[in-house]
Amino acid sequence: MKYWLMKTEPETYSFDDLKGEKNQSAHWDGVRNYQARNLMRDEMKLGDQVLFYHSNCKIPGVVGVAEVSRESYPDFTSWDKDSNYFDPKSSEENPRWFMIDVKWKKAFHRIVSLKELRDVSELEGMKLLQRGQRLSVQPVTEAEFNTVCELGFHDEK
DNA sequence: GCCAACGTTGGC
DNA sequence: GCCAACGTTGGC
């Protein structure tokens, strides 16, 4: 099993939004970055665990755990002319973009903020914390995943 | 809202 | 294939 971190802007789509979906599961459309696409298309497998990260908000940080509930398939918003994510170079015959489904699993007891993550020495190597790191889908190690979860399920800071 | 750090695009 | 210009991300 592999471990991932996925970013989203809560004003656009939040962890609670995911929880409110039918089956608490949703397709992760709109990723238009080749590195992130390749990870989703080639690496993310059913049951992989996902740290759910809220970005571009008051307190950026990890808010809970989700898991991969469907493996890679074409992102159909890429050939929908009315979609914000429309890409004229993508078609049904030759899709350029791919997505997966994620399923809500468990909310942390408290948000584990970016600020707090930076203070944990075990997490120094975490991709999220590297300078200039902007990938919206990124791998995390099992140790990093477990460390973040321990923080999130621990009521006190 | 600012802006640093990226990724992408397109002329050459 | 280089690289300047432009667009985007995302913390602050």
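Computed from a predicted model, the values in this text were never measured in an experiment.
Contact check on A:Arg32 versus A:Asp75 returns a salt bridge, with a Lys/Arg side-chain nitrogen under 4.0 Å from an Asp/Glu carboxylate oxygen.
For A:Phe108 and A:Phe153, the ring centers sit closer than 6.0 Å to each other.
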Check: residues 41-51 of chain A side-chain donor-acceptor pairs under 3.5 Å, at least two apart:
residue: A:Arg41; atom: NH2; partner: A:Asn38; partner atom: OD1; Å: 3.3
residue: A:Glu43; atom: OE1; partner: A:Lys2; partner atom: NZ; Å: 3.3
residue: A:Asp48; atom: OD1; partner: A:Lys2; partner atom: N; Å: 3.1
residue: A:Asp48; atom: OD2; partner: A:Trp4; partner atom: NE1; Å: 2.9
residue: A:Asp48; atom: OD2; partner: A:Lys45; partner atom: N; Å: 2.9
residue: A:Gln49; atom: OE1; partner: A:Lys105; partner atom: NZ; Å: 2.7
residue: A:Gln49; atom: NE2; partner: A:Gly47; partner atom: O; Å: 2.8
residue: A:Gln49; atom: NE2; partner: A:Glu67; partner atom: OE1; Å: 3.2

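Ring geometry, A:Tyr34 versus A:Trp97: the interplanar angle falls from 30° to 60°, so the pair is classed tilted.
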Nucleotide-resolved protein contact map, nucleotides 5-12 of chain C, B/S/- at heavy-atom distance under 4.0 Å: ---BBBB-
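By the side-chain contact (heavy atoms from CB on, under 4.5 Å) test, A:Ser69 is found to be paired with A:Ser25, A:Asp101, A:Lys103, residues two or more places apart in sequence or in another chain being considered.
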